Amino acid sequence: MNVKALIICLFLAGPAWAQGFAGLGTEADGFAVPARGLAFDFPADHGPHPTYRIEWWYLTATLTGADGRDYGVQWTLFRSALAPEERAGWSSPQIWLGHAGLTTPEQHFVAERLARGGVGQAGVTASPFHAWIDDWAMQGPDLARRVQVSATGADFAYDLSLTADHPIVPHGDEGYSVKSAAGQASYYYSQPFYEVTGTLSLPDGPMVVTGQAWLDREWSSQPLADDQLGWDWFSLSLEDGSRVMAFQLRQTDGRSYTSGTWITEDGSPTPLPDGAIAFTPLALSDVAGREIPTAWRVSIPSKGLEVDTTPLNTQSWMDTLFPYWEGPIRFSGTHQGRGYLEMTGYE
Amino acid sequence: MMWRTALSALLSHWRYRPVQLATLLIGLAVATALWSGVQAINAEARASYDRAAAVLGQDRLDSLVPRAGNDLSQDSYIALRRAGWQVSPVVEGSIRVGDLRLRILGIDPVTTPPQAALGAFEGGDGLYPFITPPGLAFTSAETARQIADATTALPPLRVQDDLAPGVVVMDIGIAQRLLGMDGRVSRLLLHPDQPLGRASLTDIAPDLQQRSPQAENDLARLTDSFHLNLTAFGLLSFAVGLFIVHAAIGLAFEQRRAMFRTLRALGVPVGTLIALLAAELLILAGLAGVIGVALGYLVASVLLPDVAASLRGLYGAQVSGVLTLNPAWWLSGLAIAIVGAGVAAASSLWRAARMPLLAPAQPRAWARVSERRMTMQAVAALLLWAGGGLAAWLGSGLIAGFALMGGLLLGAALMLPPILSLLLIAGERLARAALWQWFWADTRQQLPGLSLALMALLLALAANIGVGTMVSSFRTTFTGWLDQRLAAELYITAESEAQWQDISPLIANRSDRILPIWNTEITVRGAPVTLYGIADDATYRDNWPLLSQAADPWDQVALGTGAMINEQLARRQGFTVGEEITLLPGWTFQIVGVYSDYGNPTGQILINLPQLTARFPDVERLRYAVRMAPEGVAPLMAELQSRGLTERNMIDQAALKAFSVSVFERTFAVTAALNVLTLGVAAIAMLTSLLTLSSMRLPQLAPLWAMGLTRRRLAVLDLARTLLLALMTMIAALPVGLALAWVLLAVVNVEAFGWRLPMDLFPADWLRLGGLALLAAGIAAALPVRRLATINPADLVRVFAHER
């Protein structure tokens with residue numbers, strides 16, 4: 001029995017982590033519930049919403065090294081509330097979880113951090129923006145425009161500068177993103193237009209990189225529907241400057257609930273309703289003892305998009321407390337470009 | 001077919017001699033019981049120490065501890081985390097519930113490293129109730145039971161079976177509040193995996209230092225001598241038991257010589273015969289082993305609560321009072337029974353194997369011991385003594401001490417028959433009357449048959465004298481030391497400084513002097529040490545038991561330049577008088593004295609009171625020693641109680657001494673119990689041998705009866721003979737026991753404990769033991785003597801009819 005198992009015991013016993021990715025729990029009991037028609041309030045909404053059960057600051061970056069090779073970086077801070085409130089000191093019910101990933105064509109590095117709220121080990125302030133857990137930080141004057149992102153693991157580290165001149169992009173109905181036919185929803189916005197420069201620290205030495213990054217911000221209290229197994233989520237940067245966010249929530253009956261956003265070059269979003277996107281697995285890979293579809297065909301007929309995706313590294317497995325697949329991809333077909341793929345719920 | 005017939009022929013022997021069978025089984029079972037009982041106690045205690053040491057992975061993980069002082073700021077923890085250091089905070093402290101001292105461990109389950117091996121926290125409550133006031137407290141079932149009825153400040157209890165007894169685990173925030181340590185952390189556990197390029201410790205928290213896991217388990221080391229004591233006794237009991245087994249098996253072989261010859265003559269090959277005998281032995285040993293292990297479990301479970309109480313009182317070691325069943329222990333008990341039986345039977349098997357096919361089937365009674373054999377035994381004894389001495393001289397450590405002890409005891413046992421034989425020859429020479437000449441000669445003739453039992457008795461008596469002398473010497477030293485240390489008449493602990501302000505005028509009025517005893521915990525060379533500030537007072541100057549000292553040590557302490565340290569700290573860290581000791585960076589004292597401090601596991605330093613308060617202005621000013629007329633103590637205590645001071649916070653000298661002595665007595669209650677058991681085993685050995693001899697001696701006694709000695713007279717003479725031999729053995733055991741005591745005090749204790757105690761002699765104890773030995777011998781002789789006194793005369797007549 002190790003503490004990791006202990007923590008799983010403690011967490012799983014609580015309602016928040018019962019199911020699926022980063023646990024959109026089972027019930028909303030006592031927690032605030034997202035409502036339609038509430039406009040975002042920035043910069044306050046860059047900060048935490050402790051009365052909601054789950055929240056994340058989720059950055060993925062597709063990078064190119066000075067050696068001409070592709071790299072991918074992930075930086076995530078999760079907030080999980082055991083109770084819908086914040087208290088100072090050790091009795092704070094807010095638990096923080098940090099994930100860092102760095103993908104090369106041959107390797108995939110992972111690090112994880114856990115922290116209690118209330119004592120200063122981890123937290124987020126909205127303005128000036130500062131999200132941190134231990135020595136990992138996402139920090140800058142304005143999350144929407146300019147931040148510095150860093151993390152270290154036992155065998156890797158990175159330090160990236162991000163700038164964007166496009167505004168924040170809300171998903172769904174002005175940020176109200178529906179997750180199932182039963183109406184479960186979250187607040188969801190992105191900054192998909194960061195330009196990145198920075199340095200990766202790899203076992204072979206430092207690597208200067210440039211590229212693009214995509215930030216997802218999402219908070220909610222509602223669970224996945226009982227019949228939802230997990231999700232496949234894509235962020236695509238097209239060569240013409242457009243961006244596409246697309247995901248499906250897989251159901252036990254073999255069907256799925258789909259949702260997405262078409263973001264034009266200037267940042268204006270068009271929601272893609274359930275059924276507007278088709279996802280077809282093309283190839284399975286043996287990852288961490290399970291079969292995972294790492295190559296996909298994504299079609300959005302209404303936008304004339306049909307692309308096949310290939311991963312930079314099929315073994316982009318995040319071997320964390322709640323494991324999942326997350327890694328950079330390239331795609332080709334009607335459009336070309338790079339993106340990120342995240343898959344959860346594959347047992 | 002032949003196998004079965006032969007085996008049933010061999011086994012039939014036991015059917016006709018149930019007493020002999022019982023003797024063999026009892027001897028082996030008792031030996032196994034004492035041995036495995038002691039093993040079970042030791043194993044349980046060691047498992048408890050290991051569990052205590054393994055709590056939070058202290059035996060595997062490095063930690064960061066303050067260079068000086070007890071705890072560190074929680075801000076330092078956060079600063080380290082924010083600099084990338086993967087550390088997890090731990091809050092440690094203790095609280096008292098009734099007379100139980102609980103070790104409180106506050107953890108942050110979210111950052112605790114996997115190697116901390118906390119155990120499965122079950123109950124399905126999740127993290128939220130654990131971290132949210134009032135929180136949850138995890139403890140062992142035993143501890144939970146002990147504190148179930150007490151009103152405590154503890155959070156609701158949850159049972160967690162693999163926790164060490166006395167340990168209570170809760171969330172760090174809950175523990176901080178319980179222990180009054182808000183914003184403080186005792187130490188930081190260091191994860192084995194640390195991220196790349198983190199800043200150095202000196203840049204972030206220069207007041208912390210990295211400490212490696214304790215290579216040696218402190219408790220195990222401290223309690224070594226205690227367990228050694230038990231082990232030695234277990235071993236001794238086992239050896240004594242083997243003597244019985246050896247005697248019983250030897251007899252059974254002798255009595256079956258005719259049967260062996262017949263079987264061989266009927267065509268049973270010698271190999272088959274030996275294999276059958278070995279199989280028979282295996283069956284008997286297995287049976288006795290099972291009984292013995294079951295008895296051992298009983299012995300251990302009866303003694304364990306006392307042992308646990310002693311260890312708690314003496315060393316502060318928390319040992320579970322509940323015995324856990326361990327298959328390995330059962331198997332090892334069985335194995336030792338079988339191996340023991342094998343050793344005891346080896347010579348008999350060897351003889352049976354080499355017996356000529358048509359050797360006379362005459363029972364040889366016991367191998368007649370020739371002069372030559374006696375001489376050989378004496379030479380072997382001398383060699384054993386020399387070997388033991390050589391091992392002690394050349395070797396070091398406990399093993400050498402054991403070798404010396406073993407050599408001494410075995411040599412003495414082997415030397416006993418030759419010496420007794422010489423004494424009996426002398427007795428015979430001095431005797432004038434024919435009857436007495438016969439008495440001495442007959443006694444000498446019986447010596448070979450009784451010698452094994454007498455050797456067992458010698459070992460048991462010598463062990464009693466040796467261990468008794470050690471315990472009594474320890475007791476004398478300990479009580480003398482208590483008198484010195486507990487010089488003040490009354491010890492007061494106020495609950496708050498306000499309360500002290502309230503009661504101090506009253507105390508000042510009634511007493512001669514009030515001496516503050518203020519202390520704080522510091523760290524010296526990475527180990528926790530209690531630092532005391534004391535007033536310059538005659539109480540210390542006159543009474544404090546110094547082992548070594550510089551010139552005018554108390555003047556130097558009073559001047560603020562000198563410090564006294566206890567023997568434990570001196571031995572552990574290698575400090576000697578005259579050296580310097582650094583208590584905090586830049587705060588150094590000269591060591592001017594080393595004092596004895598029995599029964600205290602941790603290091604101690606005494607300095608002048610003003611020095612302590614200058615350096616630690618916040619030290620708790622709550623404990624005081626009061627010097628006053630002894631007759632005034634009780635009235636003052638009553639008055640203080642009416643002023644709100646609880647009884648718990650006032651300890652008078654007499655009560656404290658009584659408590660300390662009771663702890664001590666309880667410790668050696670186990671020794672006393674084992675002593676009695678060992679003596680009991682020796683008595684069984686005597687009984688066995690006498691029973692055996694009594695049936696074989698009829699041919700020798702019948703002529704005397706025929707010449708007119710009554711059966712009654714013969715029986716009295718037999719009893720006298722047994723008592724005489726027991727007395728001679730007792731006298732021989734005296735020097736052996738004293739030599740054993742010396743080995744224990746001057747060699748084994750020094751190796752195990754680190755201190756040497758002066759040896760005192762207790763002749764009254766020897767007299768009592770002598771009486772006990774005679775009583776045991778008398779009881780052992782009673783049955784055969786009674787049988788002889790009431791034997792049917794026809795049986796005696798029949799002796800003459802038998803052709804021999």
Side-chain angles (χ1 to χ4, degrees), chain A residues 1-18 80-83 85 87-97 100 109 111-123 132-137 150-159 201-203 206 321, chain B residues 56-57 74-75 77-89 91 106-136 162 171-177 182-183 185 189 191-199:
Chain A
M1 178 73 194
N2 60 33
V3 165
K4 187 164 171 176
L6 155 71
I7 290 162
I8 291 173
C9 271
L10 287 171
F11 274 62
L12 286 182
W17 300 81
S80 170
L82 304 172
E85 58 181 325
R87 286 192 291 264
W90 289 107
S91 63
S92 161
Q94 305 289 332
I95 306 294
W96 298 86
L97 196 65
F109 301 94
E112 184 173 33
R113 296 283 186 268
L114 282 155
R116 305 260 289 269
V119 292
Q121 191 193 336
W132 79 96
I133 183 165
D134 291 349
D135 56 329
W136 301 4
S150 65
T152 52
D155 45 4
F156 74 100
Y158 55 76
D159 191 355
S201 299
L202 294 162
L321 199 52
Chain B
L56 280 183
Q74 190 170 299
D75 297 341
Y77 160 63
I78 296 298
L80 280 164
R81 288 294 307 205
R82 296 288 296 275
W85 280 72
Q86 294 298 288
V87 286
S88 183
V91 164
I107 58 155
D108 173 18
V110 170
T111 53
T112 314
Q115 294 78 4
L118 269 175
F121 281 64
E122 281 150 12
D125 296 323
L127 188 59
Y128 186 61
F130 186 74
I131 67 171
T132 309
L136 294 174
D162 48 3
D171 185 58
I172 180 166
I174 310 289
Q176 281 179 337
R177 200 155 314 150
D182 280 324
V185 173
L189 296 174
H191 290 237
D193 296 325
Q194 295 290 334
L196 286 177
R198 72 212 144 95

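The structure presented is a predicted model; accordingly, all values stated were derived computationally and were not measured. Sequence lines set the chain letters: A, B, ... in the order given, protein chains first and strands last, and positions in each chain run from 1.
- Of the two parts of A:Trp132, only the side chain, counted from C-beta on, holds a non-hydrogen atom closer than 4.5 Å to a non-hydrogen atom of chain B.
- When side chains are defined from C-beta on, A:Trp136 does not count as touching B:Pro195, because their heavy atoms never get closer than 4.5 Å.
- Salt bridge B:Arg198/A:Asp135: absent, no basic N to carboxylate O contact under 4.0 Å.
- Contact of A:Ala111 with chain B is not made at all, since no heavy-atom distance falls under 4.5 Å.
- The minimum heavy-atom distance between A:Trp90 and B:Pro89, with the atom names listed, is CH2-CG, 3.9 Å.
- The structure places CD1 of A:Ile95 at 4.5 Å from CD1 of B:Ile131, a figure rounded to the nearest 0.5 Å.
- If you measure heavy-atom distances from B:Asp75 to chain A, you find no contacts under 4.5 Å at all.
- Taken to the nearest 0.5 Å, the CG atom of B:Asp171 stands 4.0 Å off from the CZ atom of A:Arg116.
- In this structure the side chain of A:Gln121 never reaches within 4.5 angstrom of the side chain of B:Val110, judged on heavy atoms.
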